[in-house]
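Accompanying notes for the structure given below.
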Amino acid sequence: QVHLVESGGGLVQAGGSLRLSCVASGRAVSRYRMGWFRQAPGKEREFVAAISLSGGSTYLVDSVKGRFTISRDNAKNTAYLQMNSLKPEDTAVYLCAATPAPWQLSRVTLVDLYNDWGQGTQVTVSA
């Protein structure tokens with residue numbers, strides 16, 4: 001099991017940027033594929049981005065492609081989500097998650113694939 005803690009959320013105007021971090025402890029993050037999800041009030045948890053063990057493969061939901069970037073630094077046990085050109089519809093609690101499951105594009109978007117979750121960090125984008 002890996003313990004995940006997110007940070008970097010906040011209030012930003014539309015068009016602004018934020019960088020979220022997810023620090024892992026307990027086990028080396030290099031053993032886990034990492035994902036970012038978000039959940040807005042009254043809505044289901046939504047996949048945002050995922051990254052492979054080495055960082056060589058990434059996958060992002062269409063609504064954030066070209067604006068968000070997922071990356072990782074295994075030496076720092078940290079995954080990142082760089083968010084640019086933020087829109088009000090990006091407002092949500094952002095959660096990072098980890099899975100030891102093999103990298104499969106058909107499955108990385110699935111909430112049930114991920115075993116460990118952080119507590120989330122709030123991102124609010126004002127119009």
Side-chain angles (χ1 to χ4, degrees):
Q1 186 176 4
V2 61
H3 182 60
L4 304 172
V5 178
E6 304 94 334
S7 63
L11 174 63
V12 64
Q13 289 186 332
S17 298
L18 286 172
R19 188 194 196 200
L20 306 184
S21 298
C22 173
V23 178
S25 61
R27 289 190 175 182
V29 75
S30 58
R31 297 184 178 191
Y32 297 88
R33 287 79 181 172
M34 302 296 293
W36 284 96
F37 290 75
R38 63 188 180 188
Q39 190 162 18
K43 294 188 176 181
E44 293 188 353
R45 191 164 294 185
E46 175 191 26
F47 170 82
V48 177
I51 189 166
S52 61
L53 289 179
S54 67
S57 296
T58 62
Y59 184 70
L60 294 94
V61 69
D62 285 348
S63 60
V64 307
K65 284 180 180 177
R67 301 189 297 123
F68 291 12
T69 303
I70 185 171
S71 62
R72 66 190 299 161
D73 185 338
N74 289 339
K76 295 183 178 180
N77 264 356
T78 303
Y80 304 97
L81 186 68
Q82 177 67 44
M83 305 187 296
N84 300 327
S85 301
L86 282 161
K87 304 175 181 180
E89 51 263 43
D90 294 318
T91 294
V93 173
Y94 283 71
L95 307 101
C96 72
T99 178
W103 178 263
Q104 290 181 297
L105 287 180
S106 62
R107 300 187 67 211
V108 294
T109 62
L110 302 177
V111 170
D112 290 346
L113 184 70
Y114 296 84
N115 304 90
D116 299 295
W117 293 81
Q119 83 290 346
T121 185
Q122 177 69 47
V123 171
T124 303
V125 185
S126 62

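Being a predicted model, the structure only gives us computed values, none of them experimental.
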- prompt: In Å and rounded to the nearest 0.5 Å, what is the CG to CE distance from Asn74 to Met34?
  reply: 9.5 Å
query: Near Glu89 CD, under 6.0 Å, is it more than 12 heavy atoms from other residues, nucleotides or ligands?
result: yes
For the student: nearest non-hydrogen atoms of Ser21 and Thr78, plus distance: CB-CG2, 4.2 Å
- prompt: Are Tyr94 and Val12 connected in a single hydrophobic cluster, I mean Ile/Leu/Val/Met/Phe/Trp/Tyr linked by side-chain heavy atoms less than 4.5 Å apart?
  reply: yes
field: Side-chain donor/acceptor of Arg31 to backbone N/O of Pro100, under 3.5 Å
entry: no
- prompt: At their closest point, which heavy atom of Thr99 faces which heavy atom of Asn115, and how far apart are they?
  reply: OG1-OD1, 3.7 Å
- prompt: Quick one: OG on Ser57 to CD on Gln104, what's the gap to the nearest 0.5 Å?
  reply: 12.5 Å
message: Test: salt bridge (Lys or Arg N to Asp or Glu O under 4.0 Å). Region: residues 40-59. Which pairs qualify, not counting sequence neighbours?
response: Arg38-Glu46
field: 4.5 Å side-chain heavy-atom contact, Gln122 and Leu11
entry: no
- prompt: Do you know the tightest heavy-atom contact between Phe68 and Leu60?
  reply: O-CD2, 3.2 Å
query: In Å, rounded to the nearest 0.5 Å, how long is the span from CZ of Arg72 to SG of Cys22?
result: 9.5 Å
message: With a 4.5 Å cut-off on side-chain heavy-atom distances among I, L, V, M, F, W and Y, is there a chain of contacts connecting Val23 to Tyr32?
response: no
Shortest non-hydrogen contact from Ser17 toward Ser85: OG-N, 4.3 Å
task: Over all heavy atoms of both residues, which pair between Val93 and Gly120 is shortest? Give the atoms and the distance, please.
output: CG1-CA, 3.8 Å
task: Rounded to the nearest 0.5 Å, what's the gap from CD1 on Ile51 to SG on Cys96? Could you check?
output: 12.5 Å
Ion pair Asp90/Lys87, N-O distance below 4.0 Å: no
pair Arg27-Gln1: side-chain heavy atoms closer than 4.5 Å: no
query: Does the ring center of Phe37 lie less than 6.0 Å from the ring center of Trp117?
result: yes
field: Contact check, side chains of Val48 and Val64, non-hydrogen atoms, under 4.5 Å
entry: yes
message: Applying ring pair (Phe, Tyr, Trp, His ring centres under 6.0 Å), can you list everything that pairs with Tyr80, at least two apart in sequence or on another chain?
response: none
query: Would you say the side chain of His3 lies within less than 4.5 Å of the side chain of Asp116, judging by non-hydrogen atoms?
result: no
CG-CG distance between Asn77 and Leu4, expressed to the nearest 0.5 angstrom: 10.0 Å
- prompt: For Val5, does its backbone N or O pair with a side-chain atom of Gln119 as donor and acceptor, under 3.5 Å?
  reply: no
- prompt: At their closest point, which heavy atom of Ala49 faces which heavy atom of Leu81, and how far apart are they?
  reply: CB-CD1, 4.2 Å
message: Return the CE to OG1 distance between Met83 and Thr69, rounded to the nearest 0.5 Å.
response: 11.0 Å
message: Are Val2 and Trp103 linked, directly or through intermediate hydrophobic residues, by side-chain heavy-atom contacts shorter than 4.5 Å (ILVMFWY only)?
response: yes
field: In one Ile/Leu/Val/Met/Phe/Trp/Tyr side-chain cluster, 4.5 Å: Leu53, Tyr114
entry: no
message: I'd like to check Ser7 versus Thr121 (side-chain heavy atoms, cut-off strictly below 4.5 Å). Are they in contact?
response: no
- prompt: Should the heavy atoms of other residues, nucleotides or ligands under 6.0 Å from NZ of Lys76 be counted, would the total exceed 12?
  reply: no
